[in-house]
Amino acid sequence: MQGNQAQINDELYTDEERWAELRTRVAQAASRSQRSADDITVIAVSKTVSATRVRQAYLSGWQNFGENRVQELVGKQDELVELPGATWHLIGQLQSNKVKDVLGRVSYIHSLDRLSLAIAIQERAENMSIARMKCFIEMNLAGETSKAGLAPNQLPDFLRQVSLLPRLEIVGLMTIPPLVSNPEESRALFRRLAEMRDQIREMNLPNVTMNHLSMGMSADFEIAIEEGADFIRVGTAIFGRRTI
């Protein structure tokens with residue numbers, strides 16, 4: 001797989017070649033986990049990518065796009081209003097005072113990590129008559145101080161609190177593993193997230209469907225899929241290496 005990764009990231013390859021390679025690898029990883037490629041949502045992480053390139057990706061079949069920064073999300077969407085069926089994801093950290101700029105623009109928030117943010121989403125959704133805002137809870141499984149997210153022992157109480165907010169639908173868990181030289185080292189964390197998801201389902205909490213796992217990026221998405229991911233967030237594998 002490392003040889004394939006080198007190929008998919010190589011700047012000498014065209015977008016079409018890179019996209020074909022990505023689709024093949026997603027399908028193969030899905031097959032290894034007894035699923036279909038149709039079960040996997042590939043989020044094209046368009047951070048720092050121009051609206052023109054996003055439009056090209058959309059016209060080639062990519063329909064889910066993820067942005068890290070609210071300002072870039074807003075600007076890019078305003079340039080791409082003509083893309084019917086495009087689904088937008090906020091995958092970066094979200095400040096409570098920016099919720100007003102995000103709701104109504106995105107279908108998923110992947111970075112819910114504190115009660116104050118959940119309450120801000122609830123209140124804004126009420127004001128905008130948004131029935132349900134789909135959210136992933138961000139988990140910091142490795143305890144990295146440089147990353148946001150809940151520690152595993154914080155999750156049960158947090159879920160009980162946010163389950164009382166009817167405008168939120170907690171659809172799954174999200175994590176970003178530590179940067180490692182060998183993607184195989186992330187497998188244990190991906191497996192742990194899947195186990196946590198299954199345990200949460202048994203709690204039968206209101207407004208907590210917990211059907212999805214958002215994990216895996218360009219370097220490790222195959223392992224994430226093998227361990228149960230159905231939302232993967234890939235940037236380089238779609239757009240190539242960033243120039244900035």
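Given the structure is predicted, the values throughout are model-derived calculations rather than measurements. If you read the sequence from its start, that first residue is 1, and numbering goes on from there.
- Look at E184 and R187 and you find a salt bridge, because one of the NZ, NE, NH1 or NH2 atoms lies within 4.0 Å of a carboxylate O, short of that distance.
- A donor-acceptor pair under 3.5 Å links the side-chain atoms of Q34 to the main chain of R32, judged by distance alone.
- Considering only residues two or more places apart in sequence or on other chains, Y108 meets the ring-ring contact (aromatic ring centres under 6.0 Å, His included) condition with H89, F231.
- Other residues, nucleotides and ligands contribute at most 12 non-hydrogen atoms within 6.0 Å of the CG atom of L179.
- Pairing each heavy atom of P183 with each of D220, the nearest pair is CB-CB, 3.9 Å.
- No donor-acceptor pair closer than 3.5 Å links the side chain of E67 to the backbone N or O of V45.
- Between C135 and E169, the closest side-chain pair of non-hydrogen atoms is not below 4.5 Å.
- Residues M128 and L103 share a closest heavy-atom pair of CE-O, 3.4 Å.
- Judged as a side-chain hydrogen bond (donor to acceptor under 3.5 Å, both in side chains), and not counting sequence neighbours, Q63 has no contacts.
- F239 and A57 make their closest contact through CE2-CB, 4.0 Å (heavy atoms, listed as atom of the first residue, atom of the second, distance).
- The OG atom of S107 sits 11.5 Å away from atom CG of L90, with the distance rounded to the nearest 0.5 Å.
- D78 places no side-chain N or O within donor-acceptor distance of the main-chain N or O of G75, the cut-off being under 3.5 Å.
- Hydrophobic clustering (side-chain heavy atoms under 4.5 Å, transitive across Ile, Leu, Val, Met, Phe, Trp, Tyr) groups L159 together with L115.
- In this structure, the side chains of F221 and V26 come closer than 4.5 Å at one or more pairs of heavy atoms.
- A side-chain contact (heavy atoms from CB on, under 4.5 Å) with F65 is found for exactly one of V106, V54, L80, I238, namely V54.
- Annotation: side chain of I121 is in contact with side chain of I109 (closest heavy-atom distance under 4.5 Å).
- In this structure, R53 CZ and T48 OG1 are separated by 10.0 Å, a value rounded to the nearest 0.5 Å.
- Distance check: R69 CZ to K76 NZ gives 10.0 Å after rounding to the nearest 0.5 Å.
- At least one side-chain heavy atom of R233 sits under 4.5 Å from a side-chain heavy atom of M174.
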Acceptor/donor pairs from residues 140-151 side chains to any protein atom, 3.5 angstrom cut, sequence neighbours excluded:
residue : atom : partner : partner atom : Å
N140    : OD1  : G143    : N            : 3.1
N140    : OD1  : E144    : N            : 3.0
N140    : ND2  : E144    : O            : 2.8
N140    : ND2  : K147    : O            : 3.1
E144    : OE1  : K147    : NZ           : 2.9
K147    : NZ   : I176    : O            : 3.2
K147    : NZ   : P177    : O            : 2.8

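- Ion pairing of E79 with R55 is absent here, as no side-chain N (NZ or NE/NH1/NH2) approaches a carboxylate O to less than 4.0 Å.
- The two residues N97 and D101 make their nearest non-hydrogen contact at O-OD2, 4.5 Å.
- D157 pairs by the side-chain hydrogen bond (donor to acceptor under 3.5 Å, both in side chains) definition with R160, not counting sequence neighbours.
- The two atoms that bring T236 and S218 nearest to each other are N-OG, 3.3 Å, heavy atoms only.
- Using a 4.5 Å heavy-atom threshold, the side chains of F136 and V171 count as touching.
- Taking every heavy atom of both residues into account, L173 and M210 meet most closely at CG-SD, 3.8 Å.
- When side chains are defined from C-beta on, L22 counts as touching W62, because their heavy atoms get closer than 4.5 Å.
- We find the CG-NZ distance between N68 and K47 to be 5.0 Å, quoted to the nearest 0.5 Å.
- S33 places a side-chain N or O within 3.5 Å of a backbone atom of A30 that can act as its donor or acceptor partner.
- Residue S163 forms a side-chain contact (heavy atoms from CB on, under 4.5 Å) with just one option from L205, I170, L168, and that option is L205.
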Working note: T175 + L189, criterion side-chain contact (heavy atoms from CB on, under 4.5 Å); need CA distance, chi angles, decisive distance, verdict.
CA-CA 9 Å; T175 198; L189 286 182; 5.7 Å; no
Give the C-alpha distance, both sets of side-chain angles, the deciding distance and a yes or no for side chain to side chain donor-acceptor pair (under 3.5 Å) between E138 and Q93.
CA-CA 10 Å; E138 182 172 0; Q93 292 306 296; 2.6 Å; yes
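- Put simply, the side chain of W19 does not reach to within 4.5 Å of the side chain of T14, judged on heavy atoms.
- For D230, the side-chain hydrogen bond (donor to acceptor under 3.5 Å, both in side chains) partners two or more places apart in sequence, or in a different chain, are H212.
- L193 and M203 fall within the same hydrophobic cluster, where Ile, Leu, Val, Met, Phe, Trp and Tyr residues are linked whenever their side-chain heavy atoms come under 4.5 Å apart, directly or through other members.
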Check step by step if side chain to side chain donor-acceptor pair (under 3.5 Å) holds for N207 and R167.
CA-CA 8 Å; N207 306 312; R167 299 281 177 162; over 6 Å; no
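- M196 is connected to F190 through a chain of hydrophobic side-chain contacts under 4.5 Å among Ile, Leu, Val, Met, Phe, Trp and Tyr, so both are in one cluster.
- Residues in residues 190-205 take part in these side chain to side chain donor-acceptor pair (under 3.5 Å) pairs, two or more places apart or across chains: R191-E227.
- With hydrogens and angles ignored, the 3.5 Å screen pairs no side-chain donor or acceptor of S111 with any backbone N or O of I91.
- Within a 6.0 Å sphere centred on CD of Q71, heavy atoms belonging to other residues, nucleotides or ligands number 12 at most.
- Inter-residue side-chain proximity for W88 and S46 is flagged as met; some heavy-atom pair is nearer than 4.5 Å.
- Between T87 and the choices N64, I43, T41, the side-chain contact (heavy atoms from CB on, under 4.5 Å) rule is met once, by N64.
- Atoms OG1 and CD1, from T209 and I200 in turn, are 11.0 Å apart once rounded to the nearest 0.5 Å.
- Rounded to the nearest 0.5 angstrom, H110 NE2 and K134 NZ are separated by 10.5 Å.
- V180 and M139 fall into different hydrophobic clusters, where Ile, Leu, Val, Met, Phe, Trp and Tyr are joined by side-chain heavy atoms under 4.5 Å apart, directly or via other members.
- Linking ILVMFWY side-chain heavy atoms closer than 4.5 Å, directly or via other members, places V234 and M215 in a single hydrophobic cluster.
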